[in-house]
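Index from 1, following the sequence.
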Amino acid sequence: MDVRVRFSKYGPIKYVGHLDLMRYFQKALRRSGLPLAFSKGFSPHPVMSFASPLGVGITSEGEYMDFSLESDLPCEEIQDSLNEQMAEGVEILSVTERHDTKKAMAELKAASYLVYFKRISPDMNTDYEFMKKQIDERIKNATSLVVTKKTKKSERQVDLLPLIYEIEVMESFPIEKRDHYLPDWKHNGFRLGENDPAVYMKVNAASSDNLKPELLMNAVFNPTGAENYFTIGVHRLDMYGEKDGSPVSLGELDA
């Protein structure tokens, strides 16, 4: 039985890196008592894979992991067994049976985010109307948004507009999400009050042309590349594959 798990990551565990998170889930799966399928070889481990690594410090309610069982079980039973092993800050939100052999990483096409701000420079304007105007001028009414995209090995010029599927300025970050996933926002100095705008975006997340929210926000609000102009916080909402030409949540593909 192949299953896909959707889980959240927040609280202190948001500072746990991807490799450590993989080890955490390997141990949690073993403790769960589920009839896991293991890899072959000298050091067998649960057969599992993740859709996309989440950066350290980023919260999420749309992370995905695939793994396999040796026998069939109800998805609700699998979810309950896993949640019993989860530490604070990780919640198993859903479990679906998979009938397609493609892994989440191979199906990943897009991801959606909420971006919020910490004011650093006195010149940084985070007024809703100003931010909406910037988004309209530099994205919605523009013909290109070319930036230099750097990697460890090279850098190249990239037009970001084709990689942006949706983007909107929201008058405030959803309170229910803020209080659940970011309860320490005041302590960390982020602007998440009821009059502080946030940015919703759905962007390309495929391995070849993935667009990071940090790069896009700097291209729109800090085009001169000024240092320490602002700091952003990022909350991932979901990840998507494609079905019949339209984006579909990875948790619903082949569900």
Side-chain angles (χ1 to χ4, degrees), residues 2-10 14 18 21-22 25 48-68 75 78-79 82 90-116 135 139-140 145 147 149 151 158-170 173-174 176-178 180-182 198-217 219-220 232-255:
D2 297 322
V3 298
R4 175 162 295 168
V5 170
R6 178 175 180 170
F7 65 95
S8 61
K9 183 184 179 189
Y10 61 99
K14 70 184 178 183
H18 183 64
L21 185 71
M22 291 177 62
F25 267 102
M48 54 186 283
S49 63
F50 291 79
S52 177
L54 190 67
V56 173
I58 297 177
T59 57
S60 176
E61 59 188 280
E63 299 304 288
Y64 290 92
M65 175 185 69
D66 295 336
F67 70 96
S68 300
C75 289
I78 299 171
Q79 183 174 352
L82 289 177
V90 180
E91 297 174 334
I92 306 301
L93 302 177
S94 68
V95 175
T96 54
E97 183 176 1
R98 296 285 297 154
H99 303 287
D100 195 319
T101 57
K102 286 185 179 179
K103 299 301 183 184
M105 182 178 291
E107 293 183 312
L108 180 61
K109 301 295 184 183
S112 56
Y113 303 90
L114 287 173
V115 175
Y116 50 99
I135 292 288
I139 295 180
K140 294 188 176 182
L145 182 61
V147 302
K149 191 174 183 180
T151 66
V158 178
D159 183 2
L160 301 184
L161 289 191
L163 309 180
I164 305 168
Y165 305 137
E166 297 177 26
I167 188 164
E168 297 290 344
V169 180
M170 305 171 64
F173 196 96
E176 69 281 0
K177 294 185 185 296
R178 180 199 69 186
H180 184 70
Y181 295 112
L182 302 159
V199 178
Y200 164 82
M201 64 178 72
K202 182 184 288 184
V203 295
N204 190 302
S207 58
S208 57
D209 278 316
N210 68 89
L211 175 54
K212 295 185 181 300
E214 295 90 338
L215 180 64
L216 179 55
M217 292 295 92
V220 174
I232 65 170
V234 179
H235 178 70
R236 183 143 69 187
L237 294 169
D238 204 354
M239 290 186 274
Y240 308 85
E242 188 176 83
K243 186 175 182 179
D244 299 327
S246 300
V248 178
S249 170
L250 288 179
E252 299 174 4
L253 276 176
D254 193 41

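The CZ atom of R98 lies 3.5 Å from the CZ atom of R4; values are rounded to the nearest 0.5 Å. In this structure, NZ in K243 is found 15.5 Å from NZ in K109, a value given to the nearest 0.5 Å. For the atom pair I164 CD1 and L216 CG, the distance stands at 4.5 Å (nearest 0.5 Å). The line from CE of M217 to CE of M201 is 3.5 Å long, rounded to the nearest 0.5 Å. Here the CG-CD distance, from D2 to E97, works out to 8.0 Å after rounding to the nearest 0.5 Å. The distance from atom CD of E61 to atom CZ of R6, rounded to the nearest 0.5 Å, is 6.0 Å.
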Apply the test side chain to side chain contact (heavy atoms under 4.5 Å, CB included) to residues F67 and I78: give CA-CA distance (whole Å), side-chain angles for both, the deciding distance (0.1 Å), then the verdict. CA-CA 11 Å; F67 70 96; I78 299 171; 4.0 Å; yes

Should S49 and M105 be marked as a side chain to side chain contact (heavy atoms under 4.5 Å, CB included) after you check the CA-CA gap, both sets of side-chain angles, and the distance that decides it? CA-CA 8 Å; S49 63; M105 182 178 291; over 6 Å; no

Run V203 and L163 through side chain to side chain contact (heavy atoms under 4.5 Å, CB included) and show every step you take. CA-CA 6 Å; V203 295; L163 309 180; 5.7 Å; no

Step by step, work out the side chain to side chain contact (heavy atoms under 4.5 Å, CB included) result for L182 and F173. CA-CA 11 Å; L182 302 159; F173 196 96; 3.7 Å; yes

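Taking both residues in full, the closest heavy atoms of C75 and V95 are given as CB-O, 3.3 Å, listed atom of the first, atom of the second, then distance. Smallest separation of non-hydrogen atoms from K9 and K14: CE-CA, 3.7 Å. Of all the heavy atoms in D209 and K149, the pair that sits closest is C-NZ, 4.0 Å. Nearest approach of R236 to A111, heavy atoms of both residues: CD-CB, 4.2 Å. Smallest separation of non-hydrogen atoms from L250 and G241: CD2-N, 3.6 Å. When all heavy atoms of S60 and L54 are compared, the closest pair comes out as CB-CD2, 3.7 Å.
Taking the ring centroids of F50 and F25, they lie under the 6.0 Å cut-off. Within the 6.0 Å centre-distance limit, the rings of H180 and Y10 are counted as a close aromatic pair.
Between the side chain of Q79 and the backbone N or O of I92 there is at least one donor-acceptor pair closer than 3.5 Å. D159 places a side-chain N or O within donor-acceptor distance of the main-chain N or O of L145, the cut-off being under 3.5 Å.
Using a 4.5 Å heavy-atom threshold, the side chains of L114 and P174 count as touching. Side chains of S8 and Y181 form a contact here, defined as non-hydrogen atoms less than 4.5 Å apart. Proximity of M239 to E63: side-chain heavy atoms (C-beta onward) are separated by under 4.5 Å at one or more points.
Side-chain atoms of T96 and Y64 form no donor-acceptor pair, as typed in the model, at a separation below 3.5 Å.
Other residues, nucleotides and ligands contribute only 12 or fewer heavy atoms inside 6.0 Å of the NZ atom of K212.
Looking at residues two or more places apart in sequence or on another chain, you find a side chain to side chain contact (heavy atoms under 4.5 Å, CB included) between S112 and Y200, K202, L237, D238, Y240.
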